[in-house]
Amino acid sequence: MFKKKPPIGPGWLRLLLFLSASFCMGLAVTAAMQWISLGTLPAVLEWARAYPGHLAMTALLWAAPVFLLGALTGRLWLAALPVGTAGLALALVDYFKNAINGTPLELADFGLAAQAGNVAGLAGELTPPEDFWLALAALALAAAFLFLTRRLTALSKTARQRACLFSLTLTGVLLTGAGTRAIGACLGVDFYTRMDPAESHSLHGLTLALWRDAFPQPKTPPEGYSEDYMLEVLKRVDALLDQNTPEQETPNILFILSESFYDLNRLPVLRYGADPLENFHALEAESISGTFHSHYLGYGTGYIEMAMLYGINSLDLPPGSNICFQDDGVYERFDALAEQYTLSGDYTAEMLHAYDNTLYNRTVTYPLLGFNNLYFSDDIQQIGIERTDGAYGGYYMRDGYFFQGMLERMRAVNADGKRAFLYGITMENHQPFEAEKFNYACQIPLIAEDFTPAQRDIIRVMLEGITRADQALGELVTALRESPEPTIVVFFGDHRPNLFMPGGDTVYTLLGLCPENDTLNWTPEQINDLYSTDYLIWANDPALLRGQAGTRRESSITAIGPQLLELTGQEVSRYWGLLKKAGEVCLTQTDLYFVDGNGNASFRREEADLSSKELEILELRDAVVYDAIYGKQFITEAMNLPPGA
């Protein structure tokens, strides 16, 4: 039997060493996480020197659970193991998200935690970086040191009880917004200013960036917010909106989100043996088309859908909030885009998705947004579509197969005496862009002398995916030309693909379109360029475009819904009428950047050259959204009625 060795030193010294060792372990976890994030130890040291308060605050956040678990178990080294593991896991998830999408981990991403396996599957093979294993080894050494010096930090029963009480108090303080902000103020950490996630991640580090989002300030109400104030807002909205509704049309509407679709000819240097967007470019002469301003690059499809169909975006919510995982009642405050059609009784709204039903909470949100039926990949394959090339292309359902499913659902809805409002989400061109995705096939030759063979392989996957999306669009239009049913097609790319290359660069950095993957040092013009794709609105009866066929018009996630409503002459609610006016002033507004109605970019609304009239429109929209989402809904019901009602 081994005799347990007694503690070393007086009790007060051991308690002091216990506290010091807890904080040192917090520093070790902080350094390890930053090592994985920044890639080198010199970069970690540079960050620590530049932001010592951020370093101390982050170390305290990790030291608190080490202190608490150590006091509870009486073994500080044992407490370090789960805390260090949690920190490493968080840093690794952040690394993978950056590798997948070029954006850091955000608190809003935890809404998808239950679908983490599916998200990882969509991303392809994920390999931890070498720095992860080095950081793991460093933390293991730190825990081993705590084990070897355990006699110096051993606490008596009374000391442990007091340590438990103190650690619980400290943890409780850190878990409150007031306590976190008070400690942060002492260390020079700003918990108040809202900032873009990439900027916050670079400035504060992963832990503190997430912690800041966990304790956001409440949304600031409009100055003078009250029932009288909102009734005045309602009057101003009515005075702003045109109450003369144009002649109404009732065509079928196929609203198509084409995954990662954009005009490859917008990229410099790269050349192709043929036009990969042959059909899209030919259709522009018959369509309304132009630049489509997105909110994301490389990911965010579900968030884009919510903003497009409901009219709010991430900037309308507190930092860290996930737009797809709000309380159910939030999605019922306003009548959504689909409901501008279905509430008349003339339309049936259906959503079709070429993947399964696990992501972005769609089975909950879409019915709340007025969709009558949802069809996912298995449901679409039960429709009875026959194609010689089968249902799947690459890793996902073929766009051509998917569009046939949309046509079949349109015909079924029409056969029931209704018009169809179909929102389709494709997947064939979804990441990962691995060389073997399409069995190394590429229909169009790629000319890219300045790239390595491995880099060209990845670019060919992008080229082939977009070529297939364009060909499927051509098939769809050909079928609709032969259809007697009047139909409008709204076709757009949700965002550009991430296109990460071996070594960590993207195709965009290699082409000189941006200085680095992190958006922190991008200009507004670079953000605006890379956060945009292309769109068109086509109709099998040119009269449905009201004389606008062949015209160019900039649009966006939040502007294209009102643009469609304008074409079809729907009697829209005050809310959607206001969104139309707001879209003429602002195409995009997020934490990252602002784009005015003419496509000019700046970092913030305040920097844009807007008139007082234009600012008033945006302020009215902000007041209406605040009242509905956070306020007392003084005028929300009235905003769902037509102007003047």
Side-chain angles (χ1 to χ4, degrees), residues 93 96-97 100-123 197 213 255-261 292-328 330-331 336-338 349-371 374-377 379 396-397 402 422-432 490 492-498 531 533 556-558 560-561 588 590-592 629:
V93 172
F96 285 151
K97 183 165 185 275
I100 295 167
N101 302 311
T103 58
L105 185 67
E106 302 174 51
L107 197 65
D109 296 316
F110 287 84
L112 293 172
Q115 292 86 41
N118 274 328
V119 173
L122 292 175
D213 284 351
F255 219 120
I256 298 170
L257 183 158
S258 182
E259 174 64 40
S260 298
F261 182 92
F292 185 80
H293 297 270
S294 183
H295 293 173
Y296 297 91
L297 172 63
Y299 89 124
T301 302
Y303 312 141
I304 287 167
E305 295 163 34
M306 289 298 102
M308 180 173 292
L309 295 170
Y310 200 50
I312 65 173
N313 60 55
S314 59
L315 196 60
D316 296 316
L317 304 172
S321 298
N322 192 312
I323 195 172
C324 296
F325 291 87
Q326 298 296 300
D327 292 337
D328 291 359
V330 169
Y331 303 106
L337 177 62
E350 298 183 345
M351 185 275 284
L352 295 91
H353 194 299
Y355 195 61
D356 64 30
N357 65 356
T358 57
L359 297 174
Y360 289 117
N361 203 30
R362 291 184 178 104
T363 56
V364 173
T365 57
Y366 270 84
L368 295 172
L369 298 181
F371 284 82
L374 311 183
Y375 292 85
F376 294 94
S377 55
D379 307 309
Y396 308 105
M397 180 175 284
F402 179 76
L422 306 184
Y423 193 92
I425 305 161
T426 75
M427 283 292 290
E428 189 173 11
N429 192 38
H430 198 284
Q431 63 179 335
V490 181
F492 65 96
D494 56 341
H495 52 69
R496 297 195 192 188
N498 52 52
Y531 277 63
T533 62
S556 71
I557 289 171
T558 49
I560 200 165
T588 290
T590 71
D591 285 309
L592 184 59
I629 306 301

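Source: prediction; values computed, not measured.
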Quick one: pull up [atom1] in [X] and [atom2] in [Y] and give me the separation to the nearest 0.5 Å.
| X | Y | atom1 | atom2 | value |
| --- | --- | --- | --- | --- |
| Phe492 | Ser556 | CZ | OG | 10.5 Å |
| Phe325 | Leu317 | CZ | CG | 13.5 Å |
| Gln326 | Met306 | CD | CE | 11.0 Å |
| Ile629 | Asp327 | CD1 | CG | 10.5 Å |
| Leu257 | Ile557 | CG | CD1 | 9.0 Å |
| Leu422 | Met351 | CG | CE | 11.5 Å |

Quick one: side chain to side chain donor-acceptor pair (under 3.5 Å) partners of Arg496, sequence neighbours excluded?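 Only Asp529 meet the side chain to side chain donor-acceptor pair (under 3.5 Å) criterion with Arg496.
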Starting from the C-alpha separation in whole Å, work towards a yes-or-no answer on side-chain contact (heavy atoms from CB on, under 4.5 Å) for Tyr355 and His430. CA-CA 10 Å; Tyr355 195 61; His430 198 284; over 6 Å; no
State which residues pass side chain to side chain contact (heavy atoms under 4.5 Å, CB included) with Ala349; sequence neighbours excluded, sorted by chain then number. Ala338, Thr342, Phe371, Asn372, Phe421
Partner residues of Thr590 under the side chain to side chain contact (heavy atoms under 4.5 Å, CB included) criterion, sequence neighbours left out: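 For Thr590 the side chain to side chain contact (heavy atoms under 4.5 Å, CB included) partners, ignoring immediate neighbours, are His295, Thr588, Leu592, Tyr593.
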To check you understand the geometry: which heavy-atom pair defines the closest contact between [X] and [Y], and what is its length?
| X | Y | answer |
| --- | --- | --- |
| Glu350 | Tyr375 | OE1-CE1, 3.5 Å |
| Gly493 | Phe292 | O-CD2, 3.5 Å |
| Pro104 | Lys97 | O-NZ, 2.9 Å |
| Pro367 | Leu374 | CD-CD1, 4.1 Å |

Look at the aromatic rings of [X] and [Y] and report parallel, tilted or perpendicular, splitting at 30° and 60°.
| X | Y | value |
| --- | --- | --- |
| Tyr296 | Tyr303 | tilted |
| Tyr366 | Tyr423 | tilted |
| Tyr310 | Tyr331 | tilted |

Check against side-chain contact (heavy atoms from CB on, under 4.5 Å), Glu305 and Arg362: CA-CA 10 Å; Glu305 295 163 34; Arg362 291 184 178 104; 2.6 Å; yes
Has the side chain of Ser294 got a donor or acceptor atom that lies under 3.5 Å from a matching backbone atom of Asp494?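 Side chain of Ser294 to backbone of Asp494, a donor-acceptor pair under 3.5 Å: yes, one is there.
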May I ask you to test the [X]-[Y] pair for a side-chain heavy-atom distance under 4.5 Å?
| X | Y | value |
| --- | --- | --- |
| Asp316 | Asn313 | yes |
| Glu259 | Ile425 | no |
| Glu428 | Phe402 | no |

Trace of the side-chain contact (heavy atoms from CB on, under 4.5 Å) decision for Phe255 with Ile560: CA-CA 10 Å; Phe255 219 120; Ile560 200 165; 3.8 Å; yes
Between Thr363 and Asn357, does the side chain to side chain donor-acceptor pair (under 3.5 Å) criterion hold? Intermediate values first, please. CA-CA 7 Å; Thr363 56; Asn357 65 356; 5.7 Å; no
Whether the Ser260 and Asn429 side chains hold a donor-acceptor pair (N or O, under 3.5 Å, no angle test) is what I'd like checked.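 Not at all, the side chains of Ser260 and Asn429 share no donor-acceptor pair under 3.5 Å.
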Would you say the side-chain atoms of Tyr299 and Gln431 include a donor-acceptor pair closer than 3.5 Å? no
Take Thr426 and Ser258 through the test side-chain contact (heavy atoms from CB on, under 4.5 Å) and record every step on the way to the result. CA-CA 5 Å; Thr426 75; Ser258 182; 4.1 Å; yes
